[in-house]
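Notes to accompany the following structure.
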Amino acid sequence: MLQQTTVVAVVPYFERFLARFPNVKELAQAEESEVLKLWEGLGYYSRARNIYKAARIVVAQFDGVFPSTVTELQQLPGIGRYTAGAIVSFAFDERAPIVEANTLRLYARLLGYDGDPRSTEGQRLLWEFAEVVLPQSQPGRFNQALMELGASVCSPKSPQCETCPVSGFCRAFRDQTQSTIPRLAKRAEITAVIEASVAVRKKDAYLLRRRNAGERWAGLWDFVRFELTPAESITQIIDAVRDQTGLKIDLGPQIAELKHAVTRYRITLKCFTAETVSGTLHKHEEWEWVPAHRFGEFPLSVTGRKFAKLLAADNG
DNA sequence: AATGCGGGGCT
DNA sequence: AGCCCAGCATT
């Protein structure tokens, strides 16, 4: 959960997740959709699919006993060099180096490394350093301590060098380059996208689609949804709904405009209702009529959830 | 080496 | 409006 996600955001998800899946066997016995439901809103949903796959592998191939070496752990889906090192050093207190956001910043500053720490060269350097500084005794405690130092003292902006216990070893402090190190590559440009979502209703049920593997929010459910071209008109939205679902609709009023940032897109989502519905649904398995009271069983995309909330408010 | 993947918190 | 976050997998 913590991969590229702040502790603050993770905590409530972590609590709920462990309450429901206290051990690897319980997780392995669940349905993937239930795992995704608990992950709903946290983002990077491949992590949920991966931890579920990994649990099943641990149970099926390791007899339910978690592997304890970096090499074995890295074979599991979703476990890379950092996570494997974290598990080995934290859980088993074996000597395995780690480099993540906090130690990356700390080590780059200690070394005074002026290049991009995420480049191949930077990674080689930092992992080498992490290996060299790692003590024989209590490596897990050491790794966690340095992560904490990176998070609390060696912060991205205005680090507290005056109170830092290792400022005497820090090249960035010596050279007063804390503000320019680490020099992370600029993020990709943001593209603005306009989409439309239509709540197609039959009696008390709405038409939802389980998003396919390989597309964004794979495995999560969503209302009918598609990208609009700038000149899109009402009739073109109606046509798009028919293309996707096979259903003929009369478009109701737009009830909301949701703004949502995802990866390198800033999405403006225009949310509509469908007044009348006729015709037959395309025989694609991913479509399902879901009564509103059963939404709790379906992991929804964030925008899908917001839309559903609006619809509930709309219906009184 | 570059890109896709999410969402929220903080400045 | 940017920047950043206990990264990983794929191309």
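In what follows, chains are A, B, ... by sequence order, proteins preceding strands, each numbered from 1.
- Ring geometry for A:Phe223 against A:Phe295 counts as perpendicular: the plane angle is over 60°, on a 0 to 90° scale with 30° as the lower cut.
- In this structure a side-chain-to-backbone donor-acceptor pair under 3.5 Å is present from A:Gln254 to A:Ala256.
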Heavy-atom contacts, protein to nucleotides 4-11 of chain B, under 4.0 Å, summarised as B (base), S (sugar-phosphate only) or - (none) per nt, yield SBBS----

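- Going from atom CD1 of A:Ile190 over to atom C1' of C:dA1 covers 10 Å, rounded to whole Å.
- Between the side chain of A:Trp39 and the main chain of A:Gly43, a donor-acceptor pair closer than 3.5 Å is present.
- Taking atom CG of residue A:Leu184 and atom C1' of nucleotide C:dC5, one finds them 11 Å apart after rounding to whole Å.
- Counting any heavy atom pair closer than 4.0 Å across all strands shown, A:Thr83 reaches sugar-phosphate atoms only and no base atom.
- Checking A:Ala84 against A:Ala185, the closest nucleotide of DNA chain C that is more toward the 5' end is the one next to A:Ala185.
- A:Gln178 places no side-chain N or O within donor-acceptor distance of the main-chain N or O of A:Ile181, the cut-off being under 3.5 Å.
- Side-chain atoms of A:Phe129 and A:Tyr113, non-hydrogen and from C-beta on, never get closer than 4.5 Å to each other.
- A donor atom on one side chain and an acceptor atom on the other are not found under 3.5 Å apart for A:Arg95 and A:Ser89.
- Among the atoms of the strands shown, none is found under 4.0 Å from any heavy atom of A:Arg266.
- Remark: C1' of C:dG7 and CZ of A:Arg81 are 13 Å apart, rounded to the nearest angstrom.
- A:Ile98 places its CD1 atom 11 Å from the P atom of C:dC8, with the value rounded to the nearest Å.
- Contacts of A:Phe14 with the nucleic acid, taken as non-hydrogen atoms under 4.0 Å apart, are absent.
- No engagement by A:Ala86 is indicated, since no non-hydrogen atom pair under 4.0 Å with the nucleic acid exists.
- Of the charged side-chain nitrogens involved, none lies within less than 4.0 Å of a carboxylate oxygen, so that A:Lys37 and A:Glu34 do not count as a salt-bridged pair.
- Spacing of P atoms, C:dT11 relative to B:dG6, comes out at 16 Å, to the nearest Å.
- One atom, CE of A:Met1, and another, P of C:dC8, lie 16 Å apart when rounded to the nearest Å.
- Atom NZ of A:Lys186 and atom P of B:dA2 are 14 Å apart (whole Å).
- No engagement by A:Leu146 is indicated, since no non-hydrogen atom pair under 4.0 Å with the nucleic acid exists.
- Between the CG atom of A:Leu126 and the P atom of C:dG7 there is a distance of 14 Å, given to the nearest Å.
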